[in-house]
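First comes the structure, then the notes that go with it.
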Number of protein chains: 2
Amino acid sequence: MKICREQIITIALSLLDREGLEGVTLRKVAAQLHVHAGALYWHVQNKQELLDELANALLSPYFVQWEGRTPEQPWSKWLQATCEHLREAMLSHREGARVIAGAGLGRAVQLAQLMELIVQSLMSAGFSLRQAFLTCSTALSYVYGFVIEEQAAPTNASIKQARSSEETLISKIQHEKRIHHYTTEMDFRAGLELILEGAKQQLQK
Amino acid sequence: MKICREQIITIALSLLDREGLEGVTLRKVAAQLHVHAGALYWHVQNKQELLDELANALLSPYFVQWEGRTPEQPWSKWLQATCEHLREAMLSHREGARVIAGAGLGRAVQLAQLMELIVQSLMSAGFSLRQAFLTCSTALSYVYGFVIEEQAAPTNASIKQARSSEETLISKIQHEKRIHHYTTEMDFRAGLELILEGAKQQLQK
DNA sequence: ACCTGAACACCGTTCAAGT
DNA sequence: ACCTGAACACCGTTCAAGT
């Protein structure tokens with residue numbers, strides 16, 4: 001049975017969607033390739049490397065073709081679209097945000113390249129290197145944190161809380177959301193706008 | 001050997017600092033209490049519950065005494081202090097951010113309470129329920145994402161990159177940081193200020 | 001009520017040996 | 001070059017049986 005790196009990643013990805021991150025196991029991947037677990041170590045250094053490649057595999061289809069800001073494009077619109085695109089990439093697979101955050105900037109090549117593209121796009125719009133970096137890192141941190149929480153499986157505790165409708169502000173917020181048909185996507189956009197607005201202000205000084 | 005829930009959490013916390021999150025294992029905790037692994041299940045439902053308690057244990061010393069905004073306090077100063085305090089709680093133990101994010105709002109009672117306190121403090125400063133929620137959730141997502149990345153162990157890849165000082169913008173940023181003695185804390189504050197600035201702007205409309 | 005002892009069904013990783 | 005076979009040192013979880 002000849003196998004290659006790509007097959008391993010593809011199988012791992014499908015396993016991620018079916019069983020979640022904790023279900024992604026070298027032994028299960030090997031089994032689906034009709035191969036013993038030890039055989040994977042010829043194609044992959046260890047499990048962490050597989051996880052890193054998983055992060056890249058999530059990001060690649062969304063960002064290999066992604067263009068930097070064009071001169072006539074306002075930077076805030078471009079950055080907004082880029083962050084929403086990143087969120088979509090994360091949402092494209094179960095626990096995607098966790099996978100990407102787990103790899104981090106140091107490991108996920110795609111993520112480092114994306115950061116490069118953002119900083120460059122902001123600088124061409126008049127940001128200093130530091131301003132561009134801070135805006136970029138703030139936006140990315142926000143996306144990370146937001147989507148990780150968004151993808152966290154609803155627990156028994158949170159369901160119980162929602163059901164019992166206590167007099168907490170959080171349950172009032174949930175209630176208001178239902179009435180006004182607020183979506184999680186709207187929350188995400190609104191938070192992102194806060195950051196973009198802050199960056200605009202900073203830029204004028 | 002009589003043991004109790006508190007001891008389990010204390011041991012787990014020390015294990016977290018010594019060996020990191022993946023070193024926190026029911027069997028190791030049990031061994032340090034001179035008890036068989038199965039015995040822990042009398043005090044704890046499963047490993048996840050222990051992890052949730054770990055998140056609370058990280059937050060409690062920082063937030064049980066934490067006060068809501070006082071009338072004479074500007075909301076932005078109070079929120080800034082609160083977010084910096086949260087970051088310090090996360091940094092107080094190895095991989096603290098990951099532990100807290102892993103528990104999430106649904107599991108870490110302390111975190112849900114903190115959110116409650118923030119929303120309430122912002123509303124008393126004139127925010128609508130929705131404005132307060134969005135500002136709170138944006139700030140918290142940012143802190144999450146920032147500190148998770150901050151605490152990610154530097155990898156071989158990132159060290160190699162730093163050493164080879166390629167012509168990437170990211171390495172230029174690292175370089176600039178060293179020259180100007182920028183700290184990670186300054187980066188955190190600057191990003192936070194972006195969000196606070198954006199929230200101020202939003203409030204005026 | 002609280003723990004032992006032992007099992008069950010898993011993990012990642014290594015490595016001689018095969019082909 | 002690439003995989004088998006088998007081992008090693010672990011995991012979380014369950015549960016009868018002890019005290």
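Here is the naming used below: chain letters follow the sequence lines, and residue numbers restart at 1 for every chain.
The cationic atom of B:R87 (NZ for Lys, CZ for Arg) does not lie both less than 6.0 Å from the six-membered ring centre of B:F146 and within 45° of the ring axis.
In this structure, A:L40 atom CG and D:dT4 atom C1' are separated by 13 Å, rounded to whole Å. Here C:dG12 presents its P atom at 11 Å from CG of A:N46, a figure rounded to the nearest Å. The nearest whole Å value for the distance from the CG atom in A:L51 to the P atom in C:dC11 is 14 Å. As a whole-Å value, the separation of B:E22 CD from C:dG12 P is 12 Å. Protein atom CD1 of A:I8 is 12 Å distant from nucleotide atom C1' of D:dC3, rounded to whole Å. Between the NZ atom of B:K47 and the P atom of C:dA9 there is a distance of 21 Å, given to the nearest Å. Atom CG in A:L33 sits roughly 15 Å away from atom P in D:dC2 (whole-Å rounding). In this structure, B:Q45 atom CD and D:dG12 atom P are separated by 16 Å, rounded to whole Å.
In this structure a side-chain-to-backbone donor-acceptor pair under 3.5 Å is present from A:T168 to A:I170.
Helical stems of DNA chain D (runs of at least 3 Watson-Crick or G-U pairs, donor-acceptor distances under 3.5 Å) are listed by first residue: C:4-8 with D:12-16, C:12-16 with D:4-8.
Classification of B:E49 and B:R107 as a salt-bridged pair fails, no side-chain N sitting under 4.0 Å from a carboxylate O. With respect to the salt-bridge test (charged N to carboxylate O, under 4.0 angstrom), the residues B:D187 and A:R130 qualify. Between B:E185 and B:R189, at least one side-chain N (NZ, or NE/NH1/NH2) sits under 4.0 Å from a carboxylate O, which counts as a salt bridge. Salt-bridge check for A:E19 with A:R94: failed, with every basic side-chain N at 4.0 Å or more from each acidic carboxylate O.
Between the side chains of B:Q110 and B:S60, a donor-acceptor pair is found at a separation under 3.5 Å.
OP1 or OP2 of C:dC3 sits under 4.0 Å from a side-chain N or O of B:H43. Regarding contacts with the backbone of C:dG12, a side-chain N or O of A:T25 is found under 4.0 angstrom from either OP1 or OP2.
Nucleotides D:dA7 and C:dC11 place their C1' atoms 14 Å apart, quoted to the nearest Å. Comparing the C1' positions of D:dC10 and C:dC8 gives a spacing of 15 Å, expressed to the nearest Å.
Positionally, the nearest nucleotide of DNA chain D for A:H36 lies more toward the 5' end than for the other of B:Y41 and A:H36.
The side chain of A:R27 lies closest to C:dC11 when the candidates are D:dC2, C:dC11, C:dC3.
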